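Residue numbers begin at 1 in each chain, while the letters A, B, ... track the order of the sequences. Computed from a prediction, not measured in an experiment: that's the story for all the values here.
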Protein chains: 2
Amino acid sequence: MVDNDVFSALANPVRREVLGLLRGGPMTAGAIAGRFELSRPAVSEHLRVLRLAGLVHENPSGRKRYYELAPEGLTAVSAWLHPFERYWRDRLTSLSDVLDADEKEQP
Amino acid sequence: MVDNDVFSALANPVRREVLGLLRGGPMTAGAIAGRFELSRPAVSEHLRVLRLAGLVHENPSGRKRYYELAPEGLTAVSAWLHPFERYWRDRLTSLSDVLDADEKEQP
DNA sequence: CAAACGTGTCGGAAAGACTTGACATGTCGG
DNA sequence: CCGACATGTCAAGTCTTTCCGACACGTTTG
C-alpha cells in the first residue's frame, strides 16, 4: 500500500471494519487496535494507509491520537461508482431484460 | 486474488478500467486485451478475477468470449458505501462544521 | 481432417502487501 | 526528572499478486 489509492485502501477487510467503527464517532488508535486480533503495529499501519488514502483524519490530543472519519474521503469511490449505479439500476428494473440482453451476440 | 472479494477486485486500476470499457457494451477478451499494454494472459487473469468477484458475466459465442458488466456485482459496494454516504453528506452541508468538529478533543 | 484462430491455464520471476517483534518518540503522573 | 503509557516506525520473513512466455483446448475455415 504505497500509493494513496482509496480503492486499494478499501481492499482490506480490517480497514473497512475500522471505517465502520469510526462511524460511531472518533476513537483512539489503542481503542481501535483493541477491537481486532492483530498486533498493534499492524493496526497502526492500517490507520496509516487509511490516512494516506484520505479516509480518516488524525487529531492528536496529548499522548492519545483520535481518529475520525474523513467525510470527503469516500466521495472518490462514490463518484467512480455513480455511472455504474445508473447502469445497473436501469437494467435491474426488469431482471428478464438483463437475461434477454445476454442473448444479443454479434458474430 | 484468491477470494471473491469485490473490493479486492476493484483495487486494481486495470480492472476498474475494464469495467469502464464494458459500460459501452460487451467486448471479447481479445478486444479488451487490445486496449492495454499488457500480455494477453495478464488480461485474461484480470477477467478471471472480475468474473469470480461477480462483476462481469462471460458468454461464449463460438470461439470468442464476450464479457459484459454484471449489473448486480457492484451493488455490494454500493450497499457498503451507503451508510457512509449519508454520513458525509450530512457533514459536507457545511464544510466549516467539519473543520470545527476536528477541534472537539475529549482528554 | 488440418491449419489458423481465440482464449484459458501453467510455471516461474519480480514486486508488493501483511504481519510480527524490537526499538524510538513524545506525554503524563509523582 | 523518571517510570509508565500511547503510539509510530524499522527490519525481516512470508504469502500474494502481477506479469510474462509457452503450451493446451476447443472452434472455425478451407
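Contact check, B/R15 against D/dT18: a side-chain N or O comes under 4.0 Å of OP1 or OP2. Phosphate contact (OP1/OP2 of C/dT19, side-chain N/O of A/S39, threshold under 4.0 Å): absent. Regarding contacts with the backbone of D/dC19, every side-chain N or O of B/R40 stays at 4.0 angstrom or more from both OP1 and OP2. A sub-4.0 Å separation between OP1 or OP2 of D/dT17 and a side-chain N or O of B/N12 is absent. Using a 4.0 Å cut-off, some side-chain N or O of A/S44 falls inside it from OP1 or OP2 of D/dG8. Taking only side-chain nitrogens and oxygens, B/Y66 never comes nearer than 4.0 Å to OP1 or OP2 of C/dG6. For B/T28, a side-chain nitrogen or oxygen approaches OP1 or OP2 of C/dT7 to under 4.0 Å. Side-chain nitrogen and oxygen atoms of A/H46 include none within less than 4.0 Å of the OP1 or OP2 phosphate oxygen of C/dA17.
Protein atom CD of B/E58 is 9 Å distant from nucleotide atom C1' of C/dT7, rounded to whole Å. With rounding to whole Å, A/L10 atom CG is found 15 Å from C/dA17 atom P. Look at CG on A/N59: it is 18 Å from P on D/dA6, rounded to the nearest Å. When rounded to the nearest whole Å, the span between CZ of A/F36 and P of C/dC18 equals 14 Å. We find that CG of B/L52 is positioned 13 Å from C1' of C/dG8, with the value rounded to whole Å. Distance, B/E45 CD to C/dA15 P: 19 Å, rounded to whole Å. Taking atom CG of residue A/L50 and atom P of nucleotide D/dT7, one finds them 16 Å apart after rounding to whole Å. Going from atom NZ of A/K64 over to atom P of C/dC28 covers 11 Å, rounded to whole Å.
For B/A29, the listed nucleotide lying nearest its side chain is C/dT7; candidates were C/dT19, C/dT7, C/dA4. Listed nucleotides C/dT19, D/dC19, D/dA6 differ in distance to B/L38; the shortest reach to its side chain belongs to D/dC19. When each of D/dG8, D/dC20, D/dT9 is scored by its nearest atom to the side-chain atoms of A/P41, the top-ranked nucleotide is D/dT9. When the nucleotides D/dA6, C/dG8, D/dC19 are ranked by their closest atom to the side chain of B/A42, D/dC19 comes out on top.
A/S61 contributes no side-chain N or O that, together with a main-chain N or O of A/K64, makes up a donor-acceptor pair within less than 3.5 Å.
Between the OH atom in B/Y66 and the CG atom in B/N59 there is a gap of 9.5 Å [rounded to 0.5 Å]. A distance of 12.0 Å separates CZ in A/R40 from CD1 in A/I32, rounded to the nearest 0.5 Å. Expressed to the nearest 0.5 Å, how far CH2 of B/W80 lies from CZ of A/R16 amounts to 7.0 Å.
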So A/E17 and A/H46, side-chain hydrogen bond (donor to acceptor under 3.5 Å, both in side chains) or not? Walk me through it.
CA-CA 11 Å; A/E17 203 172 331; A/H46 282 308; over 6 Å; no
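When the shell of 6.0 Å around CZ of A/R23 is examined, it contains more than 12 heavy atoms from other residues, nucleotides or ligands.
Residue order along DNA chain C, read from the 5' end via each residue's closest nucleotide, puts B/Y67 first among A/G62 and B/Y67. Each of B/R65 and A/V14 was assigned the nucleotide of DNA chain C with the nearest heavy atom; the assignment lying further toward the 5' end belongs to B/R65.
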